[in-house]
Amino acid sequence: MRLCLALLCLLLAPTLSAAQLNLELGDDSRHWTSERLLAHPQARDITIEQDVAYKRTMHYRVVPLAALLKGVGPTDHLQAVALDGFAAEMPAGPLLQAGPAQAWLAIEDPAHPWPALGLGKPGAGPFYLVWTQPQASGIRPEQWPFQIASIRCLPPVETRFPALLPDPDLAKDDPVRQGFALFQQNCLACHRLNGAGDAHLGPDLNLPHNPTEYFQPAFLRQYIRDPQSLRHWPQAKMPGFSTQVLGEPELDALLAYLNHMAGRKVH
């Protein structure tokens with residue numbers, strides 16, 4: 001009887017399998033399973049004191065991301081695409097540097113899965129881009145993509161998506177231009193604008209209406225700082241952007257870009 005129960009438990013237990021990371025680096029496509037990455041010659045264990053996803057100290061088995069990006073140069077542009085459609089746009093330079101801020105690919109061991117990110121939510125696996133000493137290079141939370149499925153080498157955002165560009169006649173020091181850079185760093189991972197972008201997680205921020213058109217300015221600022229304080233529902237995914245992540249002058253510039261783009265809709 002006990003043997004039968006043991007066999008039944010084995011049959012009903014979830015099947016653990018190695019995940020696959022796809023690297024599309026120009027003409028070179030590579031595929032790494034979690035099993036191979038865990039056994040990588042440069043794999044090591046590290047501790048992240050202020051983990052962005054889990055909001056606490058976490059321990060990971062990692063590989064230096066630069067070790068997986070052979071052939072990528074510091075002027076190249078990369079995009080990390082997550083299982084849920086999050087698409088983080090990242091210049092390659094910071095990802096390739098050996099310090100002081102260093103990028104690591106954390107690999108989830110299928111036999112020892114990471115905890116859930118919250119009630120009813122999945123974990124950060126199978127692959128998660130984490131940083132040591134992120135403050136040394138001003139690394140933002142959006143540069144910590146998790147649930148990564150692929151990393152691609154692509155042309156820069158302004159080349160791929162001209163519909164995102166502000167008026168070319170703006171002065172070089174116009175806050176709208178800074179806002180465009182901040183939009184790429186903080187918003188484009190989840191949202192499109194004018195139908196342009198690769199993300200599939202959040203709504204388009206210009207079509208049919210720009211948030212500057214239907215939010216009162218004070219409420220829009222509050223929504224960006226703490227979305228749950230304005231609209232609360234269990235399935236909400238948008239994170240808040242604190243003043244440590246997005247200072248007041250930076251938020252002013254981001255809002256200037258959004259307001260500017262409300263007059264540049266692509267129909």
Side-chain angles (χ1 to χ4, degrees), residues 52 77-82 84-91 94 138-146 152 154-267:
V52 167
H77 184 86
L78 297 173
Q79 181 191 71
V81 182
D84 62 1
F86 182 96
E89 303 282 347
M90 299 176 293
I139 302 301
R140 296 175 177 273
E142 305 306 307
Q143 292 171 276
W144 293 65
F146 52 82
R152 305 190 289 178
L154 298 171
V157 168
E158 54 266 28
T159 301
R160 286 163 34 227
F161 304 117
L164 299 175
L165 292 171
D167 189 333
D169 292 332
L170 290 174
K172 290 184 178 180
D173 60 351
D174 193 296
V176 169
R177 293 191 181 277
Q178 181 192 10
F180 176 45
L182 291 165
F183 177 84
Q184 295 177 62
Q185 294 170 356
N186 297 283
C187 309
L188 196 57
C190 295
H191 297 277
R192 296 184 177 204
L193 189 144
N194 279 340
D198 288 323
H200 301 279
L201 198 57
D204 192 294
L205 292 181
N206 213 30
L207 301 175
H209 297 291
N210 188 295
T212 62
E213 296 176 301
Y214 56 83
F215 267 116
Q216 294 182 20
F219 282 119
L220 179 54
R221 298 180 79 95
Q222 180 182 342
Y223 184 68
I224 293 171
R225 292 293 187 209
D226 184 6
Q228 292 286 300
S229 72
L230 205 61
R231 291 176 172 172
H232 180 71
W233 72 100
Q235 290 77 29
K237 293 185 177 181
M238 179 172 168
F241 293 85
S242 69
T243 54
Q244 288 74 34
V245 174
L246 200 65
E248 285 299 313
E250 292 178 314
L251 181 54
D252 289 341
L254 177 60
L255 293 173
Y257 169 74
L258 289 174
N259 185 64
H260 175 78
M261 295 307 291
R264 291 176 61 81
K265 294 186 180 181
V266 177
H267 299 287

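Inter-residue side-chain proximity for M238 and C190 is flagged as unmet; no heavy-atom pair is nearer than 4.5 Å. Within the 4.5 Å cutoff, side-chain heavy atoms of F215 are placed close to those of L230. Counting only heavy atoms from C-beta outward, the side chains of L193 and L188 never approach each other to under 4.5 Å. Contact annotation: the side chain of F241 approaches that of N186 to within less than 4.5 Å [non-hydrogen atoms, C-beta and beyond]. For the pair P166/D174, no side-chain contact is recorded, criterion being any heavy-atom separation below 4.5 Å from C-beta on. A heavy-atom distance below 4.5 Å is found between the side chains of N210 and E213. Using a 4.5 Å heavy-atom threshold, the side chains of L246 and L254 count as touching. Between R225 and S242 the shortest side-chain heavy-atom distance does not fall below 4.5 Å.
Without hydrogens or angle criteria, H260 side chain to D167 main chain gives a donor-acceptor distance under 3.5 Å. Judged purely by atom type and a 3.5 angstrom limit, N194 has no side-chain atom pairing as donor or acceptor with the backbone of A196. A distance-only check finds no donor-acceptor pair linking the side chain of H77 to the backbone of P155 [under 3.5 Å]. Within the 3.5 Å criterion, the main-chain N or O of P168 finds a donor-acceptor partner in the side chain of R177.
At a threshold of 4.0 Å, the pair R192-D198 does not count as salt-bridged, since none of the basic side-chain nitrogens sits closer than that to a carboxylate oxygen. Under a 4.0 Å N-O distance rule, the pair D204/K265 does not qualify as a salt bridge.
Smallest separation of non-hydrogen atoms from V266 and A163: CG2-CB, 4.0 Å. The nearest pair of heavy atoms linking A88 to A189 is CA-CB, 4.1 Å. Closest approach of L207 to G195, counting heavy atoms only: CD1-N, 3.9 Å.
In this structure, OH in Y257 is found 11.5 Å from OG1 in T212, a value given to the nearest 0.5 Å. With rounding to the nearest 0.5 angstrom, the CG atom of L220 is 7.5 Å from the CG atom of L251. Between the CG atom of L154 and the CZ atom of R160 there is a distance of 4.5 Å, given to the nearest 0.5 Å. With rounding to the nearest 0.5 Å, the separation of CZ in F180 from CG in L170 is 11.5 Å. How far CG of N206 is from CZ of R264: 10.5 Å, rounded to the nearest 0.5 Å.
For D226, the salt bridge (charged side-chain N to carboxylate O under 4.0 Å, His left out) criterion is met by no residue, not counting sequence neighbours.
Between the side chains of E89 and Q184, no donor-acceptor pair of N or O atoms lies under 3.5 Å.
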With side-chain hydrogen bond (donor to acceptor under 3.5 Å, both in side chains) as the test, would you mind laying out the steps for E248 and T243 before giving the verdict? CA-CA 7 Å; E248 285 299 313; T243 54; over 6 Å; no
From CA spacing to verdict: side chain to side chain contact (heavy atoms under 4.5 Å, CB included), L164, E158: CA-CA 7 Å; L164 299 175; E158 54 266 28; over 6 Å; no
Name every donor-acceptor pair, under 3.5 Å, that has one atom in a side chain of residues 139-146 and the other anywhere in the protein, sequence neighbours excluded.
| residue | atom | partner | partner atom | Å |
| --- | --- | --- | --- | --- |
| R140 | NE | Q185 | OE1 | 2.8 |
| R140 | NH1 | V245 | O | 2.6 |
| R140 | NH2 | E250 | OE2 | 2.7 |
| Q143 | OE1 | R140 | N | 2.9 |

